[in-house]
Number of protein chains: 2
Amino acid sequence: MKMKLQVIMNDDLFLRDPEHTELGRNIVKYSIQYIHQFGFEAFTFKKLAEDIGTTEAGVYRYFENKHRLLTYITAWYWSWLEYQIVFQTNNVNDPVIKLKKVIKLLATAVQDDDQTSHVNEKLLHNIVISEGSKVYLTKQVGEDNKQQFFKPYKELCSVISAIILECSPKYKYPRSLATTIIEMAHLQNFFMNNLPSLTDFSKTKEDSDIIAFLNDLVFSSIKKR
Amino acid sequence: MKMKLQVIMNDDLFLRDPEHTELGRNIVKYSIQYIHQFGFEAFTFKKLAEDIGTTEAGVYRYFENKHRLLTYITAWYWSWLEYQIVFQTNNVNDPVIKLKKVIKLLATAVQDDDQTSHVNEKLLHNIVISEGSKVYLTKQVGEDNKQQFFKPYKELCSVISAIILECSPKYKYPRSLATTIIEMAHLQNFFMNNLPSLTDFSKTKEDSDIIAFLNDLVFSSIKKR
DNA sequence: TTATAGATGATAGTATTACTATTATATACA
DNA sequence: TGTATATAATAGTAATACTATCATCTATAA
């Protein structure tokens, strides 16, 4: 069985749908590579165009600016991740096992998914770790939110908070705990690799330590008392 | 009693010490105002210079670039906050009360501190919430770390993790829990005000709700079991 | 088969940003 | 009085973040 998985994106995120053309898919593909390698600050449409063999104006036909492109690829990531979670927790009845799977998915280095040829999920995962919060930490956050740019993130948060409530129906902070899990899965990874003394994982640098930390944090909080 | 409180800064953070001159103090003061009002992306040394009534080159004599300036003011904030914590938890014997005070200090809107005339801590607190993580979420994080730019943040993390261990000597993740408290105190505030559906505080929008959430999170985790 | 819409390429141009350099002036202090 | 220090004024450069125009190529509907 060979399937192609297509993420449906909010079409206010782009000017021309990058999924529809070779150039569009290349823009997404090479953006991910460039941002991963040199960081979002160093990333420009001109340099990207050179990498692809098109022109700056060519890229601008697809995305309004580089911030919008970052918003696009992170939104794509959250949608993809929600799908992974829904898929992998399907038919699991025990909500505790579900939540553990979620934590594991969030905190584990991703494998590139062959179903989506032009997106390297492994690189994208790393981008979301180090650049993801720049998407909303801006003065336009309100307007971007009105245009539903953060819907995939919010949906993921909803899914996780629903699982939390399944585990512990009376827990009072399911959404805040959900964002805590998401953000900390990423931030502890960033700290572990870049500012290790801010974590307790500096010796091993293992994803599994972060998972253990998050499991401990989450399940002691939501345990019925 | 009228005291002047001076934060000693790592002098690799600036080219010329802004505390020493009127212009320097103005650069810090007006940067904080500008970044608070328009955000870090819109902030340039040219616009700042116009606000102050000096020239772009004048600002460059104090700081290498705007990222370095942001690093400076956030480092200043963390140092100042650590002092507040040490001061306010002094003579408190019960580590649980200490930790609660820490959480409260982290999650409460700050009052402007008259002891530091040219820094508006209230605005700076908001800047650290919305721009603070941009300081380390860069490709230069390793080099900046070598130059000790994040020492104040790390010290704060150490102080908090020491209190956590006082509460619960066997707790395995004191540092990661400390950064979780710090980051979540800020991020839940940002979400509450900008993307409220990601939190459980959208109705009240009260700092006290965030404090309650963090207290619940922290004390259920470190409780002896 | 032709007309045409859609996508791309090539080129040019602008305002702003992120700096660096130089020179002159003001002040401070020894 | 001389000298160091800080600042102001000005100029200049390379890169960034766009916008605009026009020619070409290609797929497909008339």
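Numbered from 1 within each chain, the chains take letters A, B, ... in sequence-line order.
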Starting at atom CG of B:Leu15, determine the distance to atom C1' of C:dT20, rounded to an integer number of angstrom. 13 Å
Which residues pass the side chain to side chain donor-acceptor pair (under 3.5 Å) test with B:Ser176, not counting sequence neighbours? A:Gln188, A:Asp200
Using salt bridge (charged side-chain N to carboxylate O under 4.0 Å, His left out), reason through A:Lys146 and A:Glu143 one step at a time and then give a plain yes or no. CA-CA 5 Å; A:Lys146 269 184 206 153; A:Glu143 291 197 14; over 6 Å; no
Just to verify, what does B:Glu19 make a salt bridge (Lys or Arg N to Asp or Glu O under 4.0 Å) with, not counting sequence neighbours? none
Not counting sequence neighbours, which residues clear ring pair (Phe, Tyr, Trp, His ring centres under 6.0 Å) with B:Tyr34? List them please. B:Phe38, B:Phe43
Holding to salt bridge (Lys or Arg N to Asp or Glu O under 4.0 Å), I want the full list of residues that pass it with A:Lys66, two or more places apart in sequence or in another chain. none
What's the CG-C1' distance between A:Asn65 and C:dT17, to the nearest Å? 16 Å
Quickly work out the B:Asn26 CG to D:dT7 P distance and round it to whole Å. 10 Å
How many whole angstroms separate atom NZ of B:Lys66 from atom P of C:dC19? 9 Å
For B:Glu50 and D:dA8, give me the distance from atom CD to atom C1', rounded to whole Å. 15 Å
Identify, residue by residue, the members of residues 29-48 of chain B with a heavy atom below 4.0 Å from DNA chain D, and return them in order of residue number, or none. none
Does B:Glu64 have any salt bridge (Lys or Arg N to Asp or Glu O under 4.0 Å) partners at least two apart in sequence or in another chain, and if so, which? B:Arg68
Length of the line joining B:Tyr60:OH and D:dT13:P, which is rounded to integer Å: 17 Å
Checking B:His186 now: which residues fulfil ring pair (Phe, Tyr, Trp, His ring centres under 6.0 Å) with it, not counting sequence neighbours? B:Trp78, B:His125
Salt bridge (Lys or Arg N to Asp or Glu O under 4.0 Å) with B:Glu41: which residues, sequence neighbours excluded? B:Lys134
Protein-nucleotides 6-13 of chain C N/O pairs under 3.5 Å:
unit_1	atom_1	unit_2	atom_2	d
C:dA7	OP2	A:Arg16	NH1	2.5
C:dT8	OP1	A:Tyr62	OH	3.3
C:dT8	OP2	A:Tyr62	OH	2.6
C:dG9	OP2	A:Thr54	OG1	2.7
C:dG9	N7	A:Arg61	NH2	3.2
C:dG9	O6	A:Arg61	NH2	3.0

